[in-house]
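I have placed the structure first, in the form of structure tokens, so that the comments after it can refer back to it.
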Amino acid sequence: MSANNDSIQKTILVAVLLCLVCSVIVSGAAVSLKPIQVENKLLDKRKNVLAAAGLLEEGKSVEELFKKVQTRIVNMESGEYATDAEIAELEKSGYMVSNFDQKRLAKDSDFSEKLSGDQDLAQIKRLEKFAAVFLVEKDGNIDRIILPVHGYGLWSTMYGFVALEGDAETIAGLGFYAHGETPGLGGEIDNPSWKAMWAGKKLYNDEGNLAIDVIKGKVDNSLPSAANQVDGLSGATLTSRGVGNLMQFWMGEHGFASYLNKLKEQGV
């Protein structure tokens, strides 16, 4: 019995030691690889910003192209750029301008606010108090304004970027970098043909009211409203509605409307 007990104890000891060694190796690998993971995440984000704005160029690296892009932090309530004091407070809490983590910010009660049901058209629950926007200048004027957006579709929260022309009214592009919509149905928000439909669409109608929307079916190009409408995705009514809702939320009064209005007042 004694010999048998000794054998079991040795087996357990070896197993424990093996687990400890493996955990040390895995932890060490995770720590050593974290800077690479952070860098890859930042690179992917920048690539999606450039893609939404139509600024990706074959043969040029993302780092090279992104040198044309300015990152600015906007106070969502005032529509003004964040003050040095506000940026210092954000960075003190780990929100760096160069790699602004808006997803995490939206979950931080110190830097976000709960939305009421009437306000929460995009079904995002909380609205961050600050947002990172991206600007591209040409000949001394703003040529592209790239804004982060997110909202709920059928199965998931869709995260993406909307690019506007320098007039702050005309859409230059739209792209999503994270979602869990159904492949072949709602997942068609990634289809280049559908994304191309957004270019040239207007946020506002002739009366100056926010009118951008994704409709059910096809847009009738003979109607004036066609300038503000995009075809719905076949078989994906709720995903289409989700995209329309997030556009109306983020371009509206609770989103970037104040910021865009101030840009236009300044003569972009």
Side-chain angles (χ1 to χ4, degrees), residues 37 39-63 65-66 69 71 99-104 106 121-125 131-134 136 144-165 170-203 212-219 221 226-251 255-256:
Q37 293 171 338
E39 183 63 28
N40 286 339
K41 185 178 179 181
L42 177 60
L43 187 66
D44 185 63
K45 179 181 179 179
R46 289 177 171 178
K47 182 178 180 181
N48 281 287
V49 168
L50 293 168
L55 298 175
L56 285 176
E57 296 180 36
E58 190 174 349
K60 291 188 177 181
S61 69
V62 171
E63 294 93 335
L65 292 170
F66 205 79
V69 181
T71 303
N99 189 18
F100 201 70
D101 191 342
Q102 207 146 332
K103 282 188 185 181
R104 186 165 69 90
L121 182 62
Q123 298 183 54
I124 58 175
K125 297 182 180 178
V133 302
F134 306 91
V136 180
R144 288 286 191 277
I145 307 158
I146 303 104
L147 308 171
V149 296
H150 64 282
Y152 205 79
L154 173 59
W155 303 113
S156 67
T157 299
M158 303 171 289
Y159 292 89
F161 294 103
V162 174
L164 302 178
E165 302 282 359
T170 306
I171 296 174
L174 168 68
F176 293 96
Y177 61 87
H179 67 82
E181 299 303 285
T182 308
L185 295 172
E188 288 297 289
I189 56 175
D190 294 328
N191 189 315
S193 298
W194 187 75
K195 291 192 292 184
M197 294 181 182
W198 289 86
K201 296 296 180 178
K202 301 290 185 178
L203 295 181
I212 188 67
D213 200 9
V214 180
I215 68 167
K216 188 174 182 178
K218 299 288 185 181
V219 174
N221 290 313
N228 312 112
Q229 297 175 338
V230 175
D231 293 354
L233 296 165
S234 179
T237 301
L238 292 181
T239 301
S240 298
R241 186 180 302 162
V243 175
N245 286 344
L246 75 84
M247 286 294 296
Q248 290 175 23
F249 175 85
W250 287 104
M251 302 302 114
F256 290 105

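By convention here, the first residue in the shown sequence is residue 1. Below, each value reflects all heavy atoms present in this structure, side chains not excepted, and no hydrogens, waters or symmetry copies. Because the structure is predicted, anything quoted here is derived from the model rather than measured.
Nearest heavy-atom pair, Ala53 versus Ala163, reported as atom, atom and distance to 0.1 Å: CA-CB, 3.6 Å. Shown here for Ala172 and Ala199, the closest heavy-atom pair between the two residues is O-CB, 3.8 Å. In terms of heavy-atom proximity, Lys195 sits nearest to Asp190 at CE-O, 3.6 Å.
Remark: Lys47 NZ to Leu42 CG distance equals 14.0 Å, nearest 0.5 Å. In this structure, the separation between OH on Tyr177 and CG on Asp44 is 9.5 Å, given to the nearest 0.5 Å. For the atom pair CE (Met158) and CD1 (Ile189), the distance works out to 5.5 Å, reported to the nearest 0.5 Å. The line from CZ of Arg46 to CZ of Phe134 is 8.5 Å long, rounded to the nearest 0.5 Å. Between the CG atom of Leu238 and the CG atom of Leu185 there is a distance of 11.5 Å, given to the nearest 0.5 Å.
Side-chain atoms of Val219 and Met197, non-hydrogen and from C-beta on, never get closer than 4.5 Å to each other. The shortest distance between side-chain heavy atoms of Trp198 and Val243 falls below 4.5 Å. A heavy-atom distance below 4.5 Å is found between the side chains of Glu63 and Leu43. With a 4.5 Å cut-off on side-chain heavy atoms, Leu147 and Leu164 count as touching. Within the 4.5 Å cutoff, side-chain heavy atoms of Val133 are placed close to those of Phe256. Looking at heavy atoms from C-beta onward, Leu203 lies out of side-chain contact with Asn228 at the 4.5 angstrom threshold. Using a 4.5 Å heavy-atom cutoff, the side chains of Glu188 and Thr239 are not in contact. Side chains of Phe66 and Lys45 form no contact here, defined as non-hydrogen atoms less than 4.5 Å apart.
Lys201 places a side-chain N or O within 3.5 Å of a backbone atom of Ala226 that can act as its donor or acceptor partner. The backbone N or O of Leu65 lies less than 3.5 Å from no partner atom in the side chain of Glu57, so there is not a single donor-acceptor pair. In terms of modelled atom types and a separation under 3.5 Å, the side chain of Ser240 and the main chain of Leu233 share a donor-acceptor contact. For the pair Asn191 (side chain) and Ser193 (backbone), a donor-acceptor distance under 3.5 Å is present. The closest donor-acceptor contact from the side chain of Trp194 to the backbone of Val230 lies at 3.5 Å or more, if one exists at all.
Val136 pairs with exactly one of Ile145, Leu50, Leu55 by the side chain to side chain contact (heavy atoms under 4.5 Å, CB included) rule, that one being Leu55.
For the side-chain hydrogen bond (donor to acceptor under 3.5 Å, both in side chains) condition, the pairs that include at least one residue of residues 149-160, sequence neighbours left out, are Trp155-Thr182, Ser156-Glu181.
Leu121 pairs by the side-chain contact (heavy atoms from CB on, under 4.5 Å) definition with Asn245, Gln248, Phe249, not counting sequence neighbours. Residues forming a side-chain contact (heavy atoms from CB on, under 4.5 Å) with Ser234 (at least two apart in sequence, or on another chain): none.
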After noting the C-alpha distance and the side-chain angles of Met247 and Ile171, does the key distance pass the side chain to side chain contact (heavy atoms under 4.5 Å, CB included) rule? CA-CA 11 Å; Met247 286 294 296; Ile171 296 174; 3.8 Å; yes

